[in-house]
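So you know, we letter chains A, B, ... as the sequences are listed, proteins then strands, and number each from 1. The figures that follow rest on heavy atoms only: side chains count, while hydrogens, waters and symmetry mates do not.
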Amino acid sequence: MNRKQSSTLALTLICLILGFMMAINFRTQQDVELTTGVRDTELRSKVIELVNKNENLETHISELERLLNEYRTKSVSGESTAEILTQELDQIRHLAGLTDVKGQGVVVTINDATSESNQYEDPNLFIVHDEDLLNVVNVLKAAGAEAISVNGLRIVAQSEISCAGPVILVNQTRLAPPYVVSAIGDMRNLESSLNMRGGIVEKLRFWGIEIEVDVLEDVFVPSYKGKIDFKFLQPVKEGE
Amino acid sequence: MLLPILGLLVGLTLGWTSTISVPLQYAHYLSIALLAALDSIFGGVRAYLEENYDNYVFMSGFFGNIILAALLVNLGERFGVDLYLAAIFAFGVRLFQNLAIMRRILLNKFFSKK
């Protein structure tokens, strides 16, 4: 009888432990689903939604541009002062980066290091940072580039190149590697200033970052697609 | 047989109400351990029905299986092989076997009484 009692006690104890484990496991699995499963699908649908939205907006932009062109050609027809004004406007638009342009120049492709990084070394050293991209753009500007775009985003006066966690922010758009920097300018100048000894290409290659400079006769740089709103600036009239 | 079920319920409520939760990277350790525990419990019940239940065998089997399963998972993680599948397979097969034997014993008892 004593033996039976003790075995019942043992069974009770073990059932208690089992129940405890089951409850905790159940809760943990719920957590797992909450943090991975649901989130994954949610994020995926969000991405798809945003991509669709982006496409819609881009078609909207091209629509509006077409309309603008129509108005412009309509207003030009006939009047000569209007013609001069449109020419000036075009010039300014080129300057502001609001037109698609092409010409000789270079295309720089930058990608994270693919070689397995040593586990004792900081993996941060082997990825492309905003600073690296900024340096490349800066070097190109210094070498007299007339128009620059990063992954199809035109660099204009308001453009930023900044770090946003694992991605780089350009024109408020998140970019992931590979980064393709297209620049129009004297192609020999651009190439040699990039490839100069101790220059940016050599520095980045040292860390295993893949950087490729292609010299092309015909580089396409798209126009700035964003909206420029001035909230604070007020023009100062001459003579005031 | 009533006391163990009561114990199970108490354990469940304790687990529900407590704020203890396992870190996510150890979640599958607990799952495997739970499977091992279930296997031991069914083994114990089967032995009880076969009337060769031994307390020491049961207790050592319960804790031994849990620890062994957890070690196996850890080893698998170190080797990069999903060794926990072996544990799931072994325990799963045993669970079904034990259940089948229990069912047979219970059916025999039921029909012989009639």
Side-chain angles (χ1 to χ4, degrees), chain A residues 1-48 112-127 164-167 176 208, chain B residues 1-49 51-67 69-70 73 95:
Chain A
M1 203 59 190
N2 194 20
R3 196 191 152 108
K4 187 149 192 189
Q5 263 176 356
S6 72
S7 66
T8 312
L9 198 71
L11 212 63
T12 308
L13 190 77
I14 277 172
C15 277
L16 202 133
I17 295 170
L18 185 76
F20 191 70
M21 276 167 68
M22 270 165 99
I24 285 183
N25 193 26
F26 195 63
R27 275 222 330 259
T28 311
Q29 290 302 328
Q30 264 184 336
D31 282 355
V32 169
E33 255 172 45
L34 275 180
T35 49
T36 58
V38 177
R39 215 168 146 66
D40 250 19
T41 49
E42 198 182 306
L43 287 176
R44 203 165 295 141
S45 65
K46 209 166 252 180
V47 165
I48 291 168
D112 293 345
T114 46
S115 55
E116 288 236 337
S117 60
N118 196 318
Q119 78 177 101
Y120 302 110
E121 286 178 282
D122 187 1
N124 254 334
L125 295 173
F126 302 97
I127 62 170
V167 293
Chain B
M1 212 58 202
L2 209 67
L3 213 57
I5 292 168
L6 196 75
L8 188 70
L9 288 176
V10 169
L12 274 172
T13 45
L14 268 180
W16 267 118
T17 49
S18 74
T19 50
I20 303 167
S21 75
V22 181
L24 287 186
Q25 66 262 41
Y26 298 123
H28 61 294
Y29 280 80
L30 187 63
S31 302
I32 299 292
L34 189 61
L35 197 63
L38 268 178
D39 174 64
S40 308
I41 293 274
F42 278 109
V45 174
R46 174 197 159 188
Y48 186 78
L49 288 174
E51 281 160 11
N52 59 1
Y53 174 82
D54 183 275
N55 213 359
Y56 294 109
V57 171
F58 177 62
M59 292 288 267
S60 63
F62 182 78
F63 291 109
N65 274 354
I66 289 177
I67 291 164
V73 174
L95 264 174

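Expressed to the nearest 0.5 Å, how far OG1 of B:T13 lies from CZ of A:F20 amounts to 10.0 Å. The distance from atom CD1 of A:I14 to atom CD1 of B:I66, rounded to the nearest 0.5 Å, is 8.0 Å.
Considering only heavy atoms from C-beta on, B:L12 stays 4.5 Å or farther from A:F26 through its side chain. Using a 4.5 Å cut-off on side-chain heavy atoms (C-beta onward), A:T12 and B:L6 make no contact.
The contact between B:L38 and chain A is made by backbone and side chain atoms together, counting heavy-atom distances below 4.5 Å. Looking at B:Y56, neither its backbone nor its side chain comes within 4.5 Å of chain A, counting heavy atoms on both sides. Looking at A:L9, neither its backbone nor its side chain comes within 4.5 Å of chain B, counting heavy atoms on both sides. Heavy atoms of B:I41 lying under 4.5 Å from chain A belong exclusively to its side chain.
The heavy-atom pair separating B:A37 from A:M21 by the smallest distance is CB-CE, 4.4 Å. The shortest heavy-atom contact between B:S31 and A:N25 is OG-OD1, 3.4 Å. The two residues A:L16 and B:L14 have their closest heavy-atom pair at CD2-CD1, 4.4 Å.
Other residues, nucleotides and ligands contribute more than 12 heavy atoms inside 6.0 Å of the CZ atom of B:F58.
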